[in-house]
Each structure stands twice: as structure tokens, then as C-alpha cells.
Protein chains: 2
Amino acid sequence: MENNENCKIELDDIGFVLKVLGGKWKLYILTSLYFEKKRFKQLERDVIGISPKMLIKELKELEAVGIVNRHTINTVPITVEYSLTENGLTLKPILGQMKQWAVQFKQQLKSDNQ
Amino acid sequence: MENNENCKIELDDIGFVLKVLGGKWKLYILTSLYFEKKRFKQLERDVIGISPKMLIKELKELEAVGIVNRHTINTVPITVEYSLTENGLTLKPILGQMKQWAVQFKQQLKSDNQ
DNA sequence: CTGTATCCCACTGGATACTG
DNA sequence: CAGTATCCAGTGGGATACAG
């Protein structure tokens, strides 16, 4: 298969990732959930700047695609726990690579300036 | 260090990545350039749906942060080649993981529907 | 606490045409 | 070919208040 074919396929795959994880907030939410299950309010605090409207919207989308799980507990007032599904856990390598790259690239920028 | 501290740091790192690679088009452009250096028009064709305005804007941003290199050649008409810098090449693991996850997750969706 | 509903504006970015 | 300029619609998403 020629190079350009490979390129198109990979562009397609990246498009798929962007469709699922794209947007302003999803990666933040997933990063937070990656550490442990969180309640709505906890997520709102973790993801600085997000409004409840956006938070619930993103959570619903992530739930719809099967990456996030929503679990309600009948307390008063109601408690809701969000967690990663098994499919959600497969994102670990992506988030891990991003984190690693960030650390590495920040370091690079620093030494460039010296 | 406690868990929540780690979470905040990682959220910060993800934020950095999003600042550099976020938006609608950058990952497409980088994916395309990852295969080989490309001319402006070639990128316009690869990244389906992008307008020249957006393409040049994203390229300038990527150039500013030192991920993409712009090289002009004095032909008539002028030729411009865009390529990844050494720093840009360090993105390979991220793109690779994304691609791999896309393939894997699409497969998962397929078998869920059966 | 966990969301919903509205109002509304800034900005992204699409379409198109044009220049060097 | 490689970009620039302009015009403008759509909408992402902020602020705020409210409901269950």
C-alpha cells in the first residue's frame, strides 16, 4: 500500500478520535475520572472553568459512546458517581502519552530559552 | 503525594497539550505531515473540509510553537514545504496511540452491536 | 447535590473572491 | 501555487436563575 493511502486511513482514524474526544472539555473530564470515580460536583471543581451545562453535556456524550458510566445512589440529596467504563480505561495510553509529551515539551521550551 | 495532587498536575499537563494541539484541525495537519513534508495545496487536499484561511492560521500557530517548519523554495510560482521539526516528531507516540485506540475502539463498537 | 432552562454574545470558522 | 481579505452565519458556551 502506498504512503498516501496510509495517510488517508490514519487521517480517518484521527478523525474518529476527534469525534469522540474532541471539544473543549472531554479530555479534562476523562483525566479527572482516570484517577478515581467522581461525583458531579467534584468534577465541576476539578475541571476549572466548566459550567454545569457543559459538564452534563460532555458527560452525556461520553456516556452515550460507552466511555463513562453513571451510577446513582439513593441518598438525600441524591448522589451520582461517574466513572470510566472498561472501554474508557483503554484511553490510558493516550492520556499517558499526552502527559509525558507535555512534561518533555515544556522542558524543551525551557532549555530553548536559555 | 496524594492522589488529588497528582490529578491536578495531570490536568495541568493535559491543558498544556490542549493549548498546543487543541482546536479543530491541528491533529489532522500533524498527522498528514507525519507521513512526509507537504506543500500548502497538498495539505489543503489532505485535510478535507479545511479552508485556506484556517490552514494558514493553524500552520502559523504550529510554526510559532516550534512543531512545524516552513521552507520556501524560489520557483515560479513559489513552492512552500511544511514539515515537522524535531520537536514535532516527538508527537509520534501520541498520534500512534490515538490511531491504535481508534482501530481498537471501532472494533469494540462493532462487536458490541452483534 | 444534581442537574435544567434561558438568554445572549463573542468568536470560530465557512464561503468567496482576490493578490503576489 | 500560496496565501489574504472580507463578509457573515452558526453555535459554542458563559452567566444566571431555577427545579427536583
Side-chain angles (χ1 to χ4, degrees), chain A residues 4 11 14-15 17-33 36-65 67-85, chain B residues 4 11 14-15 17-33 36-65 67-85:
Chain A
N4 211 43
L11 281 167
I14 292 295
V17 174
L18 256 29
K19 211 170 53 185
V20 176
L21 302 184
K24 195 170 171 181
W25 302 110
K26 292 208 178 65
L27 285 180
Y28 286 111
I29 294 170
L30 294 170
T31 298
S32 175
L33 289 181
E36 48 187 348
K37 62 176 189 273
K38 297 266 170 76
R39 299 173 61 179
F40 189 84
K41 200 67 181 180
Q42 290 179 295
L43 282 171
E44 209 179 334
R45 274 192 293 263
D46 273 9
V47 183
I48 295 171
I50 198 170
S51 65
K53 184 174 92 177
M54 276 302 108
L55 181 52
I56 193 67
K57 185 192 146 215
E58 304 286 63
L59 283 170
K60 276 181 178 166
E61 289 175 11
L62 291 170
E63 199 191 345
V65 78
I67 285 180
V68 157
N69 183 49
R70 180 179 183 274
H71 177 61
T72 66
I73 307 171
N74 275 333
T75 52
V76 179
I78 193 173
T79 299
V80 180
E81 284 175 351
Y82 290 94
S83 58
L84 295 179
T85 63
Chain B
N4 209 45
L11 281 168
I14 293 294
V17 174
L18 255 30
K19 210 170 56 184
V20 176
L21 302 183
K24 195 169 172 182
W25 301 111
K26 292 206 178 68
L27 285 180
Y28 286 111
I29 294 170
L30 293 170
T31 298
S32 175
L33 289 181
E36 48 186 348
K37 63 177 190 271
K38 296 268 169 76
R39 300 172 60 178
F40 188 85
K41 201 66 181 179
Q42 290 179 295
L43 283 171
E44 208 179 336
R45 273 192 294 261
D46 273 8
V47 183
I48 296 173
I50 198 170
S51 65
K53 183 174 88 175
M54 277 301 109
L55 181 52
I56 194 68
K57 184 191 146 216
E58 303 286 61
L59 283 170
K60 277 180 179 165
E61 289 175 13
L62 291 170
E63 199 191 346
V65 77
I67 285 180
V68 157
N69 182 48
R70 180 178 182 275
H71 176 61
T72 66
I73 307 171
N74 276 332
T75 53
V76 178
I78 193 174
T79 299
V80 180
E81 284 175 350
Y82 289 94
S83 57
L84 295 180
T85 63

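This structure is a prediction, so every number in the text was calculated from the model and none was measured. Scope of the values below: all heavy atoms of this structure, side chains included, with no hydrogens, waters or symmetry mates. Numbers restart at 1 for each chain; the letters A, B, ... are given by sequence-line order, proteins then strands.
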Notebook entry, point to check: Considering only dA2(D), dT6(C), dG3(C), which nucleotide approaches the side chain of K53(A) most closely?
Noted result: dT6(C)

Margin query: Of the listed nucleotides (dC7(D), dC1(D), dG3(C)), which one gets closest to any side-chain atom of F40(A)?
Written below: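 Selected nucleotide: dG3(C).
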
Phosphate OP1/OP2 of [N]: any [X] side-chain N/O under 4.0 Å:
X      : N       : value
K57(A) : dG12(D) : no
Y82(B) : dG3(D)  : yes
K60(A) : dT4(C)  : yes
S51(A) : dG14(D) : yes
R45(B) : dA2(D)  : no
K24(A) : dT11(D) : no
R39(A) : dC1(C)  : no

Please report the distance, rounded to the nearest Å, between [atom1] in [X] and [atom2] in [N].
X      : N       : atom1 : atom2 : answer
E61(A) : dG13(D) : CD    : C1'   : 13 Å
L43(A) : dG3(C)  : CG    : P     : 10 Å
L55(A) : dA5(C)  : CG    : P     : 16 Å
I56(B) : dG14(C) : CD1   : C1'   : 17 Å
H71(A) : dG3(C)  : NE2   : P     : 13 Å
L59(B) : dA2(D)  : CG    : C1'   : 11 Å
E44(A) : dG3(C)  : CD    : P     : 11 Å
I50(B) : dT4(D)  : CD1   : P     : 14 Å

Considering all heavy atoms of both residues, which atom of [X] and which atom of [Y] are nearest to each other, and what is their separation?
X      : Y      : value
L27(B) : I14(A) : CB-CG2, 4.0 Å
Y82(A) : L33(A) : O-CD2, 3.3 Å
I29(A) : L59(A) : CG2-CD2, 3.9 Å

Item checked: Of I78(A) and V80(B), the one whose closest DNA chain D nucleotide lies more 5' ->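 Result of the comparison: V80(B).
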
Next item on the list: Return the 5'-most residue of the pair E81(B), M54(A) with respect to DNA chain D, ranking by each residue's nearest nucleotide.
Entry: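 In this pair, the answer is E81(B).
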
Margin query: How about CD1 on I78(B), more than 12 heavy atoms from neighbouring residues, nucleotides or ligands closer than 6.0 Å, or not?
Written below: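 Buried by this count: over 12 neighbours within 6.0 Å.
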
Margin query: Looking at E63(B) and K60(B), is any side-chain nitrogen of the basic one under 4.0 Å from a carboxylate oxygen of the acidic one?
Written below: no

